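First the structure, in the form of C-alpha cells, and then the observations on it.
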Amino acid sequence: MSDTSKAPRRGRQTVARHGALKSPHPLGQLAKIIAICLSVVLVSGLGVATYLAYDLTATFSADAVELEGQEAPPPNIGEIEGGVNLFVAGTDACEPDYAYLFGDRCEGPDAESELNDVNMLVHISDEPRRVTVISFPRDLMMPIPSCTAEDGSTTGAMSKQPLNSTFNYGGLSCAAKAVSELSGQNIQYAASVTWGGVIEITNAIGGVDVCVANGIYDPNTGLDLDPGIHTVAGIEALQFLRTRKGVGDGSDLGRISNQQQYMSRLARKLVSEEVLTNPTMLLKLARTAIENVDPSTSLTNPLTLVQIALALKNVPFEEIVFVQYPTLTDPDNINHVVPNYEAADALWAALAANQPLQLTGEAGVNDGVTVVEPTAPPVEPTQPTTEPTPGATVAPAPTETAIALPPEISGSTAAQETCSNGNVR
C-alpha cells in the first residue's frame, strides 16, 4: 500500500465530460462485480440483516444515487411485475490507495476520468425464480440518452457512443439509464464498484478457485498463471478479471467469457463451501461490501437486500445463466461492436416468458473459455419442501418448455464448468 492516507470511498466526484471520449487501454476488469453483488445480496439474508440495518446503513446510504428515468420500485420486490432488474457497473477510478498498481492509466491526462468498463444487468424473474446475468461489452457503440451529472448539468442525447463513456456523462444513473433504454427493461436497483473495491471484496471472500486451460501470461495486467486450478484473491483476482490480451483472441468479448467463469465459480463457492452459514465470514463480507459498493437509493434499505437474498437463495445452478448481450461488428470500426437488436429482442422476450433458457450458442465466444467435465457435482441450493395435507390430492408438477435462445447469444450456466483459454508466452 502507498503511504498516502486512505481517501474516503464515499463522496467521489464524477467528472462530467461532453462529446466523444478516448477509452483508456484494456480495463474491463471488475465484471466479477456481479459476484460482489451476489455477495452483498446473499450475505444480507442470513442473520446479519439486523446488524446491518442499525450499524452500516448510514455508511451504505452516504452517497447513494437516484436512478434517472426509472420507475420507483414498490416496498416489496414480490410486487414488481416481470421480475427484478439490478444493474451493476465496474469502474476504473484511480483511487489514491491503489493508483500505483495501474501505471500509465492512473498517471496520464485521463487519470481523473472514470469509465464503466464492466456493465451487467442481473434479471431475477418472478416465481419460479430464475437468474439471468447479461454482460454488455464496454466498447458497445449505442445510443446514449441525455443524462444529469452530479453538478446538475445535463448532457445532450447522442446517437452513437461507447457504453463505457456513460459514467463520465452522468455516473451510475446515466449508465443504468442507457442500458435501460437499450434493453427496454426498467431497472429498479443499481450499484457500482471500483478497482480498489474489487481488491478488498475478493480478499474478504477468501479467493475463488478458477480454472486455466493452457496458461495465462498478460504483461498488461501482470497476470502469470500456469495451467490448472488457482485460488485468486485481491490484486490477482483483479488481474484475472481485467485480463484481455491474456485470454482467447485478446478481445473484450473473450474477456467477458473469462469473467463469467469467475462469477459462476463464485456462485458455487458461496453455496458448496457453506460460506452463507458462517456468521463470522458473513459479517466480514457484509462490512467489506458495504464499504466498497456505491448503490442506488433504492438499494440502501437492508430489508430490500434481505428480500433479494431470499429471492436468490434457492435458485438451482442450471437456472443461473450468464450470457453476453448479442452484438455485430461495427461497420465504422472493427474494434467496436454494435447491438444485434434481432437476437436481443429474442432474449428479452424469453425473460418476459419466464421459462427455462436453452443456450444454443457457444459457452465462450472468441475462444475465451472452453467447457470441461466437472471435477465434482456442484452442491445445489437446498430446495424448500412442503408436506401435502393428509388425504389431499397432490397436483402434478407443472411442465415447462425451455426457450432456445438464438446462437448469436453465447453463455453458460452455473451448473457448467469452464476453463480459461489463456495465451501462453
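These numbers come from a predicted model, not from an experiment.
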So, [X] side chain and [Y] main chain: donor-acceptor pair closer than 3.5 Å or not?
{"X": "Lys269", "Y": "Gly207", "value": "yes"}
{"X": "Ser125", "Y": "Pro128", "value": "yes"}
{"X": "Ser165", "Y": "Pro162", "value": "yes"}
{"X": "Thr413", "Y": "Ile320", "value": "no"}
{"X": "Asn292", "Y": "Ile201", "value": "no"}
{"X": "Arg244", "Y": "Asp252", "value": "no"}
{"X": "Asn340", "Y": "Leu328", "value": "no"}
{"X": "Arg138", "Y": "Leu163", "value": "no"}
{"X": "Thr148", "Y": "Thr154", "value": "no"}
{"X": "Asp126", "Y": "Gly82", "value": "yes"}

Looking at Met120, Gln260, Gln324, which hits side chain to side chain contact (heavy atoms under 4.5 Å, CB included) with Val133? Met120
Do [X] and [Y] pair up side chain to side chain, a donor and an acceptor below 3.5 Å, judged on atom types alone?
{"X": "Thr194", "Y": "Glu95", "answer": "yes"}
{"X": "Ser264", "Y": "Gln416", "answer": "no"}
{"X": "Glu200", "Y": "Tyr98", "answer": "yes"}
{"X": "Asn116", "Y": "Thr91", "answer": "no"}

Can you name the nearest heavy-atom pair linking [X] to [Y], along with the distance?
{"X": "Gly246", "Y": "Ile216", "answer": "O-CG2, 3.6 Å"}
{"X": "Ser298", "Y": "Ser296", "answer": "OG-OG, 2.8 Å"}
{"X": "Val369", "Y": "Ser257", "answer": "CG1-O, 3.5 Å"}
{"X": "Leu121", "Y": "Ser183", "answer": "CD2-OG, 4.3 Å"}
{"X": "Pro295", "Y": "Leu172", "answer": "C-CD2, 4.3 Å"}
{"X": "Leu67", "Y": "Ala176", "answer": "CD2-CB, 4.2 Å"}

When you compare the side chain of [Y] with that of [X], does any pair of heavy atoms fall below 4.5 Å?
{"X": "Pro406", "Y": "Thr360", "result": "no"}
{"X": "Val337", "Y": "Asp330", "result": "no"}
{"X": "Cys211", "Y": "Gln261", "result": "yes"}
{"X": "Met142", "Y": "Val338", "result": "no"}
{"X": "Leu223", "Y": "Glu236", "result": "yes"}
{"X": "Asn421", "Y": "Val247", "result": "no"}
{"X": "Lys160", "Y": "Asp332", "result": "yes"}
{"X": "Thr418", "Y": "Val372", "result": "no"}

Could you go step by step and tell me if Thr202 and Tyr262 meet the side chain to side chain contact (heavy atoms under 4.5 Å, CB included) rule? CA-CA 11 Å; Thr202 54; Tyr262 181 100; 3.3 Å; yes
Looking at [Y] and [X], is there a salt bridge between them, counting it only when a charged N and a carboxylate O are closer than 4.0 Å?
{"X": "Arg130", "Y": "Glu318", "answer": "no"}
{"X": "Glu319", "Y": "Arg129", "answer": "no"}
{"X": "Arg268", "Y": "Asp209", "answer": "no"}
{"X": "Arg242", "Y": "Asp117", "answer": "no"}

Pairwise distance [atom1]([X]) to [atom2]([Y]) - rounded to 0.5 angstrom:
{"X": "Asn333", "Y": "Asp139", "atom1": "CG", "atom2": "CG", "value": "8.5 Å"}
{"X": "Glu362", "Y": "Ser410", "atom1": "CD", "atom2": "OG", "value": "7.5 Å"}
{"X": "Asp367", "Y": "Leu253", "atom1": "CG", "atom2": "CG", "value": "11.5 Å"}
{"X": "Leu101", "Y": "Cys106", "atom1": "CG", "atom2": "SG", "value": "8.5 Å"}
{"X": "Ser192", "Y": "Phe167", "atom1": "OG", "atom2": "CZ", "value": "4.0 Å"}
{"X": "Phe102", "Y": "Thr221", "atom1": "CZ", "atom2": "OG1", "value": "10.5 Å"}

Using the side-chain hydrogen bond (donor to acceptor under 3.5 Å, both in side chains) rule, take Gln259 and Ser135 through it: C-alpha gap first, then chi angles, then the decisive distance, then the call. CA-CA 10 Å; Gln259 293 167 339; Ser135 294; 5.8 Å; no
In terms of heavy-atom contacts, does CD of Glu81 have more than 12 from other residues, nucleotides or ligands at under 6.0 Å? no
Please lay out, stage by stage, how Val212 and His230 fare under the test side chain to side chain contact (heavy atoms under 4.5 Å, CB included). CA-CA 8 Å; Val212 177; His230 299 266; 3.9 Å; yes
For Asp345, what residues pass the salt bridge (Lys or Arg N to Asp or Glu O under 4.0 Å) criterion, not counting sequence neighbours? none
Parallel, tilted or perpendicular: ring planes of Phe136 versus Tyr325, cut at 30 and 60 degrees: parallel
Checking side chain to side chain contact (heavy atoms under 4.5 Å, CB included) for the pair Leu182/Tyr341: CA distance, chi angles, key distance, verdict? CA-CA 9 Å; Leu182 175 67; Tyr341 289 107; 3.8 Å; yes
Expected list for residues 184-191: side-chain donor-acceptor pairs under 3.5 angstrom, two or more places apart:
from	atom 1	to	atom 2	distance (Å)
Gln185	OE1	Asn85	ND2	3.3
Asn186	OD1	Glu71	N	2.9
Gln188	OE1	Asn85	N	2.8

Do Asp92 and Arg105 pass the salt bridge (Lys or Arg N to Asp or Glu O under 4.0 Å) test, and can you show the C-alpha distance, the side-chain angles, and the key distance before you say yes or no? CA-CA 9 Å; Asp92 65 353; Arg105 165 64 187 94; 3.0 Å; yes
Apply side chain to side chain contact (heavy atoms under 4.5 Å, CB included) to residues Leu86 and Leu299 and explain how you reach the verdict. CA-CA 9 Å; Leu86 166 66; Leu299 200 59; 4.2 Å; yes
Could you pull out all residues at least two apart from Asp249 that satisfy side-chain contact (heavy atoms from CB on, under 4.5 Å)? Ser251, Asn366
